[in-house]
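Letters A, B, ... are given to chains in the order of the sequence lines, protein chains preceding strands, and every chain is numbered from 1.
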Amino acid sequence: MLRLHARPDRLTFPFVLRSVAALGEVGMGRVLHGMLVKVGVEMDLFVRVSLVDMYVKVGLLGCALQVFDQSPERVRSESVLLWNVLINGCCRGGELGRAVETFEAMPVRTSGSWNILIHGFLRAGDLVRARRFFDRMPQEMKNVVTWTTMISGFSQNEDHEQALGLFRRMLEEGVRPNDHTIVSALSACASIGALRTGVWIHEYISKKGFRLKRIVGTALVDMYAKCGKIDSASQVFGEVREKNLLTWTVMISGWATNGCSDLALQWFEDMINAGVKPDDVVFLAILTACSHSGMVKEGLRLFNSMRFDYDIEPNVKHYASMVDLFGRAGQLEEALNFIEKIPIKPDFVVWGALFCACRAHKNIEMAELASKKLLQLEPTHPGSYIFLSNIYAGVGRWEDVERVRRTMKSKNIEKPPGWSYIEVDDQVHRFLAGDKTHQHSQEIFAKLEEVTVKASAEGYNPDTKWVLHNIEEEEKEDALGSHSEKLALAFGIMSTPNGTTIRIVKNLRVCGDCHSLMKYVSMVSGREIILRDIKRFHHFKDGMCTCRDYW
DNA sequence: GCTAAAGTCA
């Protein structure tokens, strides 16, 4: 346009500035601002809003403020948007105090003003202040964006229960959800394995005639896959129109985490044949599938194909996955050799993968080497210490376990809390290790005792190795073997009819003792137990697990 | 003909 000497005017700039903002082109933003002044473009409110927003998005809050302060319209009520984008800028720049001041100072407020501020708090992880402003916001101003902001914000801050509670309240208040809302709610269901709520949302959107478009469809497939309903996931996948790479990725990782590695690889081929170009994420999913099922050759072939056929540079996660692939298969020397050849610095996850393999295959020397690296890389990461204490516990060196525990205590390093979710009658229950706060706590512990006794009669033997590596407050509860997944299991058995499948979601890796107990319980109770841990699904039935004790 | 705020994958 400039080359043809056509003069941009006040109507041209908003478009261009928006592009600059989206691309984060700081230099170009300044050039445009300069050009605008030089050619004497009339600075109306549109131009100013676009300018302030551009500066906000490229991270120049000072410049945004300058333009704002020079805007004569800012005191008039039609300038709300100018204030709104500035508040957004303060929030993005981490200046929440200033955002609130600006918010309180503005002449008029719209829904957007509130929404932007609430979003700012949520992004900063300040759920309390977000909630406070949400409660203060006039009821009639709350719109679908307000509710969706709250739902996704709470979910992104790991409070999925409150997120779903907000979703229910929103419907009660008669606010109609849109695609954004549905996706946020489904994502919350996926995070905590709230299958019944997820199914309910599925029914709701079918009834309300939502088309299974790409993003809603993908969120639905992901929800089913993460709730262990992989058949439903694949059925929904078939109904999604205009699938894209992401739709395929959630489905393929779904097969992989649900223990169907063959299908993961098969569907990957289908995806390629459908003309969808793979990326680094989907490759990570199929490499994981290979390592979970011991397909070393296939994994290696795919790793090479990724680099040579698709020109995708492996990142540290791919390398970690390869170490895992060799390590799980017991090829520890290959794993170590592989690490030494990695062109980038191996991180915590890479050495962690080697460590886990060493523990599983009982190679103490290499485990100690890996553990040393872990401590060097992340001296304050609780995992480094837990790994180390695991090795010692494994070979019965209890004084060393004790020493590690003391070190952690003196450095104020705490083990991350383990929690498990279970959904019973549309209600999600969360348990912490040793949790006695549940209203049916006594019955739960009695039930746990009862199933443990039954399981023991069949040959279950509590594995003290897993109990003793735990530390701090958990120690006492661990003596009772009350890991969160066990409590959820007992609660599930006592509060659902015989034969009902039990579904549990845990935030950490399942421990060997819990895994063993679940196998026996699936046998003695005749129930299927589906446990999702941080890595994958364990599907227990008739005393066996789909992970084949290899996870 | 133009300006803001909410969403899916490892």
Side-chain angles (χ1 to χ4, degrees), chain A residues 8-19 21 41-42 44-54 56-57 71 73 78-89 91-92 110-120 122-123 141 143-156 163 166 170 177-191 213-223 225-226 240 243-254 256-257 278-289 315-318 320-321 349 534-536:
Chain A
D9 64 3
R10 66 186 178 83
L11 293 157
T12 321
F13 277 94
F15 293 113
V16 190
L17 287 167
R18 180 202 248 180
S19 297
V41 170
E42 186 200 338
D44 66 4
L45 195 55
F46 283 101
V47 175
R48 287 191 210 276
V49 168
S50 303
L51 258 181
V52 174
D53 190 51
M54 179 278 293
V56 160
K57 302 254 167 83
S71 303
E73 319 88 320
E78 61 266 31
S79 68
V80 215
L81 219 57
L82 195 63
W83 289 79
N84 286 357
V85 292
L86 187 69
I87 293 170
N88 189 33
C91 292
R92 280 168 167 251
T110 58
S111 297
S113 323
W114 290 88
N115 293 349
I116 286 168
L117 191 64
I118 290 171
H119 182 227
L122 291 167
R123 190 171 32 205
M141 274 185 133
N143 59 18
V144 63
V145 178
T146 320
W147 287 96
T148 307
T149 303
M150 287 291 283
I151 293 166
S152 74
F154 271 77
S155 182
Q156 279 159 12
L166 282 157
M170 167 186 177
N178 61 19
D179 284 10
H180 287 257
T181 327
I182 295 296
V183 170
S184 302
L186 284 173
S187 165
C189 294
S191 300
K213 279 179 305 193
R214 220 170 1 220
I215 296 182
V216 174
T218 302
L220 204 50
V221 173
D222 189 45
M223 182 278 291
K226 292 226 173 100
V240 180
K243 308 175 207 348
N244 66 1
L245 175 61
L246 222 68
T247 323
W248 283 95
T249 303
V250 299
M251 193 61 227
I252 291 169
S253 352
T257 51
D279 70 351
D280 53 334
V281 178
V282 73
F283 263 108
L284 192 59
I286 54 170
L287 289 179
T288 311
N315 65 37
V316 72
K317 290 178 183 159
H318 298 94
S321 186
V349 185
I534 196 165
K535 287 254 180 234
R536 61 171 296 157

Output the single nucleotide from [options] whose closest atom is nearest the side chain of [X].
X        : options              : answer
A/Ile215 : B/dT3, B/dG7, B/dA10 : B/dG7
A/Leu81  : B/dA4, B/dC9, B/dA10 : B/dA4
A/Thr149 : B/dA4, B/dA6, B/dA10 : B/dA6
A/Leu11  : B/dC9, B/dG1, B/dA5  : B/dG1
A/Asn115 : B/dA4, B/dA5, B/dG7  : B/dA5

Looking at every strand, decide which applies to [X] at a 4.0 Å heavy-atom threshold: base, sugar-phosphate, or nothing.
X        : answer
A/Val250 : sugar-phosphate
A/Lys57  : sugar-phosphate
A/Lys226 : sugar-phosphate
A/Asp179 : base
A/Arg214 : nothing
A/Asp53  : sugar-phosphate
A/Phe15  : sugar-phosphate

How many Å lie between [atom1] on [X] and [atom2] on [N], as a whole number?
X        : N      : atom1 : atom2 : answer
A/Trp248 : B/dA10 : CH2   : C1'   : 19 Å
A/Asp222 : B/dG7  : CG    : P     : 16 Å
A/Leu86  : B/dA4  : CG    : P     : 15 Å
A/Trp147 : B/dA6  : CH2   : C1'   : 14 Å
A/Phe46  : B/dA4  : CZ    : P     : 10 Å
A/Met54  : B/dC2  : CE    : C1'   : 15 Å
A/Glu78  : B/dT3  : CD    : C1'   : 14 Å
A/Leu82  : B/dT3  : CG    : P     : 15 Å

Can you find a side chain N or O atom of [X] that sits less than 4.0 Å from OP1 or OP2 on [N]?
X        : N     : value
A/His119 : B/dA6 : yes
A/Arg18  : B/dT3 : yes
A/Gln156 : B/dA6 : no

* With distance as the sole test, does A/Asp53 use its side chain to make a donor-acceptor pair with the main-chain N or O of A/Val56 at under 3.5 Å? -> no
* To do: Would you confirm whether A/Thr218, through its side chain, and A/Arg214, through its main-chain N or O, come within 3.5 Å as a donor-acceptor pair?
  =>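 Yes: the side chain of A/Thr218 pairs with the backbone of A/Arg214.
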* Asked: Is there a donor-acceptor contact under 3.5 Å linking the side chains of A/Thr146 and A/Thr149?
  -> no
Find out whether [X] and [Y] are in side-chain contact, i.e. whether some heavy atom of one side chain is under 4.5 Å from a heavy atom of the other.
X        : Y        : result
A/Asp44  : A/Val47  : yes
A/Val281 : A/Leu284 : no
A/Val41  : A/Pro8   : no

* Asked: Can a donor-acceptor pair under 3.5 Å be found between the side-chain atoms of A/Asn178 and the base atoms of B/dA6?
  ->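 Checked by distance alone, the answer is yes.
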